[in-house]
K.L.:
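The following block contains the structure, expressed as C-alpha cells.
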Amino acid sequence: MAPDLAVRQFQTSDSESLIALWQNVMPDSQPWNEPKDALIRKLNRGDGLVFVAEQGGCIVGAVKAGYDGVRGWIYSLAVLPEQRRNGIGRILLHAAESTLIELGCPKVNLQVRSTSSEVVEFYQRCGYQIEDRKSLGKPLTDGPPRVADSFRSIRVTDEITLSQISWDDRPAYLKHLNETDEFQRNTAGITFPYTEFDVDQWLSGVIDLSVTRDQKINLAIRNTDDELIGEVGALDFVENEQGEIGYWLAKPYWGRGIMPCAVRCFCQFAFERFQLHRIYGKVFATNPRSARVLTKAGFRHEGTLRNGYFRDGKPIDDLLFGLLRDEFVETT
C-alpha cells in the first residue's frame, strides 16, 4: 500500500472523480444505481456514510454504507483496476465498518451478484460469510418522483413573485451563485464555485421529495421575466411547530428592498399553509446585511449563539432571530 493513501469522508469537491470511478468500475449498473443519482440520494440522507480513498490527489476507491437502526449495509465498494491488490478495498471496508460500529450497528450485510466470484472471494477474505438467505427485490422507480404540492404563485411586489422551483431553474442557480463568493462566506450551505453537481443535489432535494426525509418548502424568487433571482424557504420544519428560514438573492438585486418583502410573504404563506407556530433564522454575526433583512421582516433578535458555527477551524457567532405566528398576525 502506498504511504500517501488517505481514507476520509466524501467532500463535495470529490463528486466528479467519484462518479467517474463508479462509472468505470460498474459500467452496467441498473438504472436505480446510476452513480450520479445514487450519490445525490445518499448525500441527501445526511448520514456521512460515503468514504473515499485518495492517493496523490486522485480518488482511487470509494464505498457507501448505510444503517437503518436494525442492520448496516455496504454498497458500491470500488477500487480503480490499476490500484487493486494494494489493500485499498480492505481499508475502505474497515472505515465503513468502524463508523457503523460507532453508530451502534450490530451486524452488517451486503449483496454481490452470484456471477462475481472474485468479489465474493474478496469479501470472504474480509470475514464475510455466505448466508442461507433468499435475496428479494422490487424496483420502486417506475413511477414519477414525489414532488411538492402545487400552488399558485405569490405576489410580493409588482415586479417580484414567489413560485415553485423547477429543473428549468438550473441555469439561473449556476449563474447567480457563481457571481460572488459572499454566499459561501455568509452561509453554511452554499459552496463556491457552485458546481453542476451542487445544483443537481439541491434541486433533487427541493423538487423530488422522495430523495429526502426532511420536510422542507423552498420557493423561487422571480423577476418580471420569470427568471429565478433568489430563493426563500423553511428547512426541516415540523408541522404545527417551527421551521428554520433560509434565503439568498442574486447580487444585482441587492439593495432594492426585495428580500425583506419576500421573507415576509413567505412567512405568511408558511404560517397559513403549515400552521407553524414559530419561524426562526440564524445569521452569522459577520453578516449584518442578512440580520437587517430579518428585522425588517418583523423578526426579533432573541440572542447570540456564541461560537455557533465553525469554518476552517475558526468559530463564528450565530445571531438568532425568531418570529411567532401570533406576532405576525398582530402586525399584518
Side-chain angles (χ1 to χ4, degrees), residues 147-166 168-169 172-173 176-177 183 186-190 202-203 205-207 209 212 214-284 287 289-302 318-332:
V147 300
D149 295 338
S150 61
F151 57 89
R152 60 177 177 79
S153 63
I154 301 170
R155 178 181 176 276
V156 178
T157 68
D158 290 339
E159 299 180 344
I160 301 296
T161 58
L162 303 181
S163 66
Q164 283 185 295
I165 297 168
S166 77
D168 292 337
D169 295 318
Y173 276 92
H176 293 308
L177 292 179
F183 295 120
N186 292 326
T187 69
I190 299 179
W202 178 251
L203 290 176
V206 299
I207 296 174
L209 298 185
T212 176
D214 302 325
Q215 288 184 293
K216 60 180 69 176
I217 179 69
N218 292 74
L219 303 181
I221 304 172
R222 301 190 184 278
N223 59 18
T224 52
D225 295 326
D226 203 35
E227 178 191 4
L228 179 143
I229 60 170
E231 184 177 3
V232 59
L235 307 178
D236 304 333
F237 70 82
V238 179
E239 197 164 7
N240 297 319
E241 295 186 22
Q242 63 179 341
E244 179 180 2
I245 195 169
Y247 47 85
W248 64 269
L249 183 68
K251 190 169 184 178
Y253 294 87
W254 293 358
R256 302 187 189 182
I258 294 173
M259 203 70 249
C261 294
V263 167
R264 189 152 185 83
C265 285
F266 174 82
C267 288
Q268 181 174 358
F269 163 77
F271 282 135
E272 293 176 354
R273 180 70 173 267
F274 303 105
Q275 297 297 302
L276 296 183
H277 172 69
R278 177 175 180 265
I279 299 175
Y280 67 94
K282 291 186 288 187
V283 176
F284 289 169
N287 188 11
R289 182 186 291 113
S290 186
R292 287 196 296 272
V293 166
L294 293 179
T295 54
K296 288 181 179 180
F299 284 70
R300 296 185 185 181
H301 180 212
E302 297 179 340
D318 266 336
L319 306 180
L320 180 63
F321 293 83
L323 177 64
L324 301 183
R325 184 182 182 190
D326 293 342
E327 294 172 343
F328 186 87
V329 171
E330 291 172 2
T331 58
T332 300

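Along the sequence shown, the residues carry numbers beginning at 1. This one's a predicted model, so the numbers in the text were calculated from it and none came from an experiment.
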K.L.:
With a 4.0 Å cut-off, would you call Arg222 and Asp225 a salt bridge?
P.N.:
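Result for this pair is no, no salt bridge flagged.
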
K.L.:
Atom CG of Asp158 and atom OG1 of Thr224: how far apart are they, to the nearest 0.5 Å?
P.N.:
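One finds 10.5 Å between CG of Asp158 and OG1 of Thr224.
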
K.L.:
For Pro260 and Ala297, which heavy atoms make the closest approach, and how far apart are they?
P.N.:
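In terms of heavy atoms, the two residues are closest at O-CB, 3.8 Å.
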
K.L.:
Starting from the C-alpha separation in whole Å, work towards a yes-or-no answer on side-chain contact (heavy atoms from CB on, under 4.5 Å) for Ile221 and Met259.
P.N.:
CA-CA 9 Å; Ile221 304 172; Met259 203 70 249; 3.4 Å; yes

K.L.:
With sequence neighbours left out, what residues match Tyr280 under side chain to side chain donor-acceptor pair (under 3.5 Å)?
P.N.:
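For Tyr280 there are no side chain to side chain donor-acceptor pair (under 3.5 Å) partners, ignoring immediate neighbours.
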
K.L.:
Which atoms form the tightest heavy-atom contact between Leu320 and His301, and what is the distance?
P.N.:
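Here Leu320 and His301 meet closest at O-CD2, 3.3 Å.
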
K.L.:
Would you please test Leu162 and Cys265 for side-chain contact (heavy atoms from CB on, under 4.5 Å) and show each step?
P.N.:
CA-CA 8 Å; Leu162 303 181; Cys265 285; 4.1 Å; yes

K.L.:
Heavy atoms, side chains only, cut-off 4.5 Å: are Leu323 and Phe271 in contact?
P.N.:
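Side chain of Leu323 against side chain of Phe271, heavy atoms only: contact under 4.5 Å found.
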
K.L.:
Rounded to the nearest 0.5 Å, how far apart are OH of Tyr253 and CD1 of Ile229?
P.N.:
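Between Tyr253 OH and Ile229 CD1, I get 5.0 Å after rounding to 0.5 Å.
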
K.L.:
What closest approach, in Å, do Ala291 and Phe321 show between heavy atoms, and which atom pair accounts for it?
P.N.:
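In this case the closest contact between Ala291 and Phe321 is CB-CZ, 3.8 Å.
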
K.L.:
Using side-chain heavy atoms (C-beta onward) and a distance below 4.5 Å, is Phe328 in contact with Ile279?
P.N.:
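When only atoms from C-beta onward are counted, Ile279 and Phe328 do not touch, as no gap falls below 4.5 Å.
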
K.L.:
So, taking the atom named CG in Asp169 and the one named CD in Glu231, what distance separates them when rounded to the nearest 0.5 Å?
P.N.:
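Atom-to-atom, Asp169:CG and Glu231:CD are 9.0 Å apart.
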
K.L.:
Could you report the tightest heavy-atom contact between Val232 and Ala262, atom names first, then the distance?
P.N.:
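Of all heavy-atom pairs spanning Val232 and Ala262, the closest is CG1-O, 4.4 Å.
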
K.L.:
Shortest non-hydrogen contact from Val156 to Cys261?
P.N.:
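Scanning both residues, the minimum pair turns out to be CG1-CB, 3.6 Å.
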
K.L.:
Looking at every non-hydrogen atom in both residues, tell me the closest pair between Ile165 and Ala220 and how far apart they are.
P.N.:
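Minimum heavy-atom contact is CG1-N, 3.5 Å.
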
K.L.:
Between NZ of Lys251 and CZ of Phe183, what distance do you get to the nearest 0.5 Å?
P.N.:
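One finds 8.5 Å between NZ of Lys251 and CZ of Phe183.
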
K.L.:
Heavy-atom distance under 4.5 Å between the side chains of Phe266 and Leu219, does that happen here?
P.N.:
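Yes, at least one pair of side-chain atoms sits under 4.5 Å.
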
K.L.:
Side-chain contact, heavy-atom cut-off 4.5 Å: Phe284 with Leu319?
P.N.:
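Phe284 vs Leu319: side chains apart.
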
K.L.:
For Glu302, what residues pass the side chain to side chain donor-acceptor pair (under 3.5 Å) criterion, not counting sequence neighbours?
P.N.:
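For Glu302 the side chain to side chain donor-acceptor pair (under 3.5 Å) partners, ignoring immediate neighbours, are Arg278.
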
K.L.:
Quick one: are Arg300 and Leu324 in side-chain contact, heavy atoms under 4.5 Å?
P.N.:
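Side chain of Arg300 against side chain of Leu324, heavy atoms only: no contact under 4.5 Å found.
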
K.L.:
Kindly indicate, with the supporting measurements, whether the criterion side-chain contact (heavy atoms from CB on, under 4.5 Å) is fulfilled by Tyr247 and Val263.
P.N.:
CA-CA 8 Å; Tyr247 47 85; Val263 167; 4.0 Å; yes

K.L.:
Just verifying a value: how many Å separate Arg325 CZ and Gln275 CD, rounded to the nearest 0.5 Å?
P.N.:
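Spacing of CZ (Arg325) from CD (Gln275) equals 4.0 Å.
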
K.L.:
Start with the C-alpha distance between His176 and Glu227, add both sets of side-chain angles, then the distance that settles side-chain hydrogen bond (donor to acceptor under 3.5 Å, both in side chains), and finish with yes or no.
P.N.:
CA-CA 11 Å; His176 293 308; Glu227 178 191 4; 3.0 Å; yes

K.L.:
Calculate, to the nearest 0.5 Å, the distance between atoms CD1 and CZ belonging to Ile154 and Arg273 respectively.
P.N.:
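Going from CD1 on Ile154 over to CZ on Arg273, the span is 9.0 Å.
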
K.L.:
Below 4.5 Å, heavy atoms only, C-beta onward: do Ile207 and Gln164 meet side chain to side chain?
P.N.:
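No. Closest side-chain heavy atoms not under 4.5 Å.
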
